[in-house]
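Working notes, structure below.
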Amino acid sequence: MPFPICADLRAAANSLISHPMDPNAFDSAQDLWVFAYGSLMWRPEFRFVERVEARLVGAHRALCVYSFVHRGTPERPGLVLGLDRGGTCRGIAYRVAAADCARTIAYLRAREQVTSVYRECTRPIWLKREPERRVSALCYMVDRGHVQYAGRLTLEQQLHHVRQGHGQSGANRDYVIATVGALEQLGYRETALHRIAERLTATHDLAAAAAAATSAA
């Protein structure tokens with residue numbers, strides 16, 4: 001059953017909300033902590049001096065952002081992760097040397113803020129150490145007022161968008177599976193995301209088997 005895309009999503013690429021970002025929002029004289037909860041966990045692509053498991057309290061990871069660029073298009077939106085309010089999120093904290101702070105922030109803004117769907121902010125996180133250590137980290141929280149905010153979708157709706165999504169960074173399916181793999185490396189299972197990955201993998205395996213059987217016939 002197809003899932004209709006409302007008109008404001010199709011038009012969103014030309015009417016995106018823009019959040020002004022303060023170029024001096026972070027102290028370049030100090031090291032910077034960056035909290036990663038999605039693709040930054042397995043593909044940071046910026047220089048860092050330390051990588052530590054961490055948790056953020058007060059927000060949770062959710063497939064709640066329609067992707068128009070990296071994993072989809074306005075006509076066929078994919079679905080990517082955002083930090084939405086409430087709950088707790090386990091992820092990775094990267095410590096960036098002060099000398100690389102400005103370069104890293106510029107890179108992250110270019111990568112994460114293509115359509116300004118996130119709000120750049122600092123939040124306290126807890127580093128997994130003995131004892132735990134609390135630091136302030138750069139985070140990208142989803143903007144609930146943005147046209148790309150998907151909210152809480154059903155499992156079937158999420159699967160629909162992930163299966164159809166393909167953008168500049170590749171297939172939406174690969175994004176979800178890679179994120180689940182990163183969580184598993186932390187020894188963590190996130191039920192909703194794992195369930196989607198399992199459905200995606202099963203569908204892919206069945207399609208591959210059918211294609212192989214057809215070519216062998």
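All residue numbers in this chain count up from 1 along the given sequence. Quick caveat, the model's predicted, so the values are computed rather than measured.
Counting heavy atoms of neighbouring residues, nucleotides and ligands inside a 6.0 Å radius, atom CZ of Arg129 exceeds 12 of them. The environment of CZ in Arg43 is crowded: more than 12 heavy-atom neighbours from other residues, nucleotides or ligands sit within 6.0 Å.
Taking the side chain as every heavy atom from C-beta outward, Leu183 and Met41 approach each other to under 4.5 Å. The shortest side-chain heavy-atom distance between Tyr140 and Arg119 does not fall under the 4.5 Å cut-off. Within the 4.5 Å cutoff, no side-chain heavy atoms of Ile92 are placed close to those of Phe48. Residues Arg152 and Asp84 are not in side-chain contact: their nearest non-hydrogen atoms beyond the backbone lie 4.5 Å or more apart. Contact check for Val96 versus Asp31: no side-chain heavy atoms found under the 4.5 Å cut-off. Gln157 places none of its side-chain heavy atoms less than 4.5 Å from the side chain of Leu155. For the pair Glu132/Arg55, a side-chain contact is recorded, criterion being any heavy-atom separation below 4.5 Å from C-beta on. Counting heavy atoms from C-beta outward, Leu127 and Val52 have side chains that approach closer than 4.5 Å.
Atom CE of Met141 and atom CZ of Phe35 lie 10.0 Å apart (nearest 0.5 Å). Atom OG1 of residue Thr122 and atom CG of residue Leu32 lie 10.0 Å apart, to the nearest 0.5 angstrom. To the nearest 0.5 angstrom, Tyr37 atom OH is 10.5 Å from Thr179 atom OG1. If you take CD1 on Ile196 and OG1 on Thr201, they are separated by 11.5 Å, rounding to the nearest 0.5 Å. The distance from atom CG of Leu159 to atom CZ of Arg173, rounded to the nearest 0.5 Å, is 11.5 Å. Here the CD1-CG distance, from Ile177 to Leu200, works out to 5.5 Å after rounding to the nearest 0.5 Å.
The backbone N or O of His70 sits nowhere less than 3.5 Å from a side-chain atom of Gln168 that would complete a donor-acceptor pair. A donor-acceptor pair under 3.5 Å links the side-chain atoms of Asn172 to the main chain of Leu79, judged by distance alone. The backbone N or O of Thr115 lies less than 3.5 Å from a partner atom in the side chain of His146, making a donor-acceptor pair. Of the possible donor and acceptor atoms, none in the side chain of Glu53 sits under 3.5 Å from a partner among the backbone N and O of Lys128. For the pair Arg95 (side chain) and Glu50 (backbone), a donor-acceptor distance under 3.5 Å is absent. For Arg111 (side chain) and Pro44 (main-chain N/O), a donor-acceptor pair under 3.5 Å exists by modelled atom type. A distance-only check finds no donor-acceptor pair linking the side chain of Glu112 to the backbone of Arg109 [under 3.5 Å]. Side chain of Arg61 to main chain of Arg90: a donor-acceptor pair is present (N/O by atom type, distance under 3.5 Å, no hydrogens or angles). The backbone N or O of Gly86 sits less than 3.5 Å from a side-chain atom of His60, completing a donor-acceptor pair. A distance-only check finds a donor-acceptor pair linking the side chain of His161 to the backbone of Pro77 [under 3.5 Å].
Taking every heavy atom of both residues into account, Arg134 and Pro124 meet most closely at NH2-CB, 3.4 Å. Contact record, Ala182 with Trp42: CB-CD1, 3.9 Å, taken as the closest heavy-atom pair. When all heavy atoms are compared, the tightest approach of Gly91 to Leu186 is O-CD1, 4.1 Å.
A cation-pi arrangement, defined by a distance under 6.0 Å to the six-membered ring centre and an angle within 45 degrees of its axis, is absent between Arg144 and Tyr149.
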Inset, instruction - Please assess Arg195 against Glu190 for the test salt bridge (charged side-chain N to carboxylate O under 4.0 Å, His left out), listing each intermediate value before the final yes or no. - result: CA-CA 8 Å; Arg195 187 175 298 149; Glu190 201 158 272; over 6 Å; no
Inset, instruction - Test Tyr118 against Gln113 for side-chain hydrogen bond (donor to acceptor under 3.5 Å, both in side chains), laying out the working first. - result: CA-CA 7 Å; Tyr118 300 106; Gln113 295 292 72; over 6 Å; no
Legend entry - Trace of the ring-ring contact (aromatic ring centres under 6.0 Å, His included) decision for Tyr94 with Phe46: CA-CA 10 Å; Tyr94 296 100; Phe46 57 84; 5.4 Å; yes
Inset, instruction - Please report the C-alpha distance between Tyr175 and Ser39 in whole Å, then the side-chain angles of each, then the deciding distance to 0.1 Å, and finally whether the side chain to side chain contact (heavy atoms under 4.5 Å, CB included) criterion is met. - result: CA-CA 7 Å; Tyr175 165 91; Ser39 64; 3.8 Å; yes
Inset, instruction - Start with the C-alpha distance between Tyr107 and Glu45, add both sets of side-chain angles, then the distance that settles side chain to side chain contact (heavy atoms under 4.5 Å, CB included), and finish with yes or no. - result: CA-CA 9 Å; Tyr107 166 74; Glu45 295 191 345; 3.3 Å; yes
Legend entry - Chi angles and distances behind the salt bridge (charged side-chain N to carboxylate O under 4.0 Å, His left out) call for Arg189, Glu184: CA-CA 6 Å; Arg189 179 181 175 85; Glu184 289 179 343; 5.2 Å; no
Legend entry - Glu120/Leu108 under side chain to side chain contact (heavy atoms under 4.5 Å, CB included): CA gap, chis, key distance, verdict: CA-CA 10 Å; Glu120 184 181 81; Leu108 290 171; 5.9 Å; no
Inset, instruction - Could you give me the CA-CA distance, side-chain angles and deciding distance for Trp33 and Ser136, then say whether side-chain hydrogen bond (donor to acceptor under 3.5 Å, both in side chains) is met? - result: CA-CA 7 Å; Trp33 285 97; Ser136 291; over 6 Å; no
Inset, instruction - Using the side chain to side chain contact (heavy atoms under 4.5 Å, CB included) rule, take Leu83 and Leu56 through it: C-alpha gap first, then chi angles, then the decisive distance, then the call. - result: CA-CA 10 Å; Leu83 275 179; Leu56 181 151; 4.2 Å; yes
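Criterion: ILVMFWY side-chain heavy atoms under 4.5 Å apart, direct or through other members. Under it, Val142 and Val57 are not part of a common hydrophobic cluster. No continuous path of ILVMFWY side-chain contacts below 4.5 Å connects Trp126 to Tyr188, so the two sit in separate hydrophobic clusters. In terms of hydrophobic clustering, with Ile, Leu, Val, Met, Phe, Trp and Tyr side chains grouped at heavy-atom distances under 4.5 Å, Leu81 and Ile125 are assigned to a common cluster.
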